[in-house]
Amino acid sequence: MKKSHWYNYLWIWSVVYFTMGFFHILFAWLGLISFFLPLVFAVGFGNKGFCNRYCDRGQLLRALGNQKGFSRRKDVPDWMRSKAFRYGFLAFFMAMFMNMLYMTYRVYVGTEEIQETVTLFWSIPVPWGFAYAGGAEPWVAQFAFGFYSMMLTSAILGILTMLLYKPRSWCVYCPMGTMTQLICKMKAGEKEDAPL
Amino acid sequence: MATQSKRHAVVNTALCVACGACMEVCPRGAIVVWKGTYSVVDDALCIGCGLCAKECPASVIRIEARP
């Protein structure tokens with residue numbers, strides 16, 4: 001049995017995050033932590049310390065898939081681990097992120113009304129007004145709805161592939177994981193001095 | 001010198017996603033993610049138990065007989 005550390009409990013953050021967004025959408029902004037920390041590790045230190053040790057989602061999927069036994073533990077299909085799919089999904093995810101930022105901008109300048117919905121899989125609007133009673137700048141709330149949509153959609157995708165394949169199969173195509181690995185590869189100067 | 005196990009873990013580095021799931025489960029601390037790029041096995045420490053191969057989400061680790 002391996003020694004337990006404080007960071008082994010970060011999966012709790014995933015549960016807390018989605019729960020808080022259910023009660024007040026502005027908490028969705030806290031999800032930016034999961035966006036910036038991996039980049040700090042990759043750009044600042046040239047490693048994937050976030051994925052390797054601190055990722056709350058990876059831990060949650062492992063806990064549900066392994067400890068709780070919800071995963072079929074099958075191999076992911078070859079296409080899912082291919083570079084084409086991983087980079088393609090990263091590009092798609094980034095495009096959707098930009099789209100969300102553009103929507104936030106349109107609300108900011110007043111050309112668009114705030115939409116109090118959480119959009120699942122970039123297409124299915126779910127009414128989420130119950131988690132927002134107003135009070136904030138409209139663009140601040142719009143970003144929160146958009147960001148929460150992205151976080152919830154990716155969490156559902158992660159849970160689906162956890163059930164179907166290996167517990168952490170989300171890590172195979174996680175856009176942040178793919179992006180930080182690319183950054184690390186660039187920083188490490190590819191394979192020339194690799195210890196193989 | 002201790003005798004080495006007959007089998008050891010081999011990583012397909014081209015497909016490794018560097019998530020570190022293998023590192024997390026290795027009972028010997030024999031596997032690390034090298035500079036965030038892919039996993040590297042310390043052959044001297046690896047006992048070929050296969051926990052990393054079982055855990056790897058991309059299924060890029062194989063347990064093979066040592067050469």
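Chain A is the first sequence line, chain B the second, and so forth, proteins listed ahead of strands; every chain is numbered from 1.
- Note that the CG atom of B/Leu15 and the CG atom of A/Asp78 stand 8.0 Å from one another [nearest 0.5 Å].
- The environment of A/Lys83 atom NZ is dense: over 12 non-hydrogen atoms of other residues, nucleotides or ligands sit within 6.0 angstrom.
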Test log, rule side chain to side chain contact (heavy atoms under 4.5 Å, CB included), inputs A/Arg81 and B/Asn12:
CA-CA 12 Å; A/Arg81 62 181 193 177; B/Asn12 178 348; 5.7 Å; no

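- Interatomic distance, A/Asn47 CG to B/Lys35 NZ, rounded to the nearest 0.5 Å: 11.0 Å.
- The environment of OH in A/Tyr7 is crowded: more than 12 heavy-atom neighbours from other residues, nucleotides or ligands sit within 6.0 Å.
- Of all residues in residues 59-67 of chain B, those placing a non-hydrogen atom less than 4.5 angstrom from a non-hydrogen atom of chain A are B/Ser59, B/Val60.
- Within 6.0 Å of atom OH in A/Tyr9, 12 or fewer heavy atoms from other residues, nucleotides or ligands are found, so the atom counts as exposed in its surroundings.
- Both A/Leu163 and A/Phe18 are part of a single hydrophobic cluster, where members link through side-chain heavy atoms under 4.5 Å apart.
- With A/Lys48 contributing its side chain and B/Trp34 its backbone, the two residues share no donor-acceptor pair below 3.5 Å.
- Environment of OH in A/Tyr102: sparse, with no more than 12 heavy atoms of neighbouring residues, nucleotides or ligands closer than 6.0 Å.
- A continuous path of Ile, Leu, Val, Met, Phe, Trp and Tyr side chains, each step under 4.5 Å between heavy atoms, connects A/Phe147 with A/Leu120, placing both in one hydrophobic cluster.
- Heavy atoms of other residues, nucleotides or ligands lying less than 6.0 angstrom from CD of A/Gln67 number more than 12.
- Distance SG/B/Cys56 to NZ/A/Lys166: 6.0 Å, rounded to 0.5 Å.
- Contact annotation for B/Cys22: neither backbone nor side-chain heavy atoms come within less than 4.5 Å of a heavy atom of chain A.
- The backbone N or O of B/Cys19 lies less than 3.5 Å from a partner atom in the side chain of A/Arg168, making a donor-acceptor pair.
- In this structure, A/Val15 is a member of the same hydrophobic cluster as A/Tyr148, with clusters built from ILVMFWY side-chain heavy atoms closer than 4.5 Å.
- Surrounding CZ of A/Phe85 are more than 12 heavy atoms belonging to other residues, nucleotides or ligands, all under 6.0 Å away.
- When every heavy atom of A/Cys51 is checked against every heavy atom of B/Ala18, the shortest pair comes out as CB-O, 4.5 Å.
- Transitive grouping of hydrophobic side chains (ILVMFWY, heavy atoms separated by less than 4.5 Å) brings A/Tyr173 and A/Met151 into a common cluster.
- We find that A/Arg53 and B/Glu24 are not joined by a salt bridge, their nearest charged nitrogen and carboxylate oxygen being 4.0 Å or further apart.
- Counted by atom type alone, A/Asn66 and B/Glu55 present one or more donor-acceptor pairs between their side chains at under 3.5 Å.
- Residues A/Met186 and A/Phe50 are members of separate hydrophobic clusters, defined by side-chain heavy-atom contacts under 4.5 angstrom among Ile, Leu, Val, Met, Phe, Trp and Tyr.
- Of all residues in residues 126-134 of chain A, none places a non-hydrogen atom less than 4.5 angstrom from a non-hydrogen atom of chain B.
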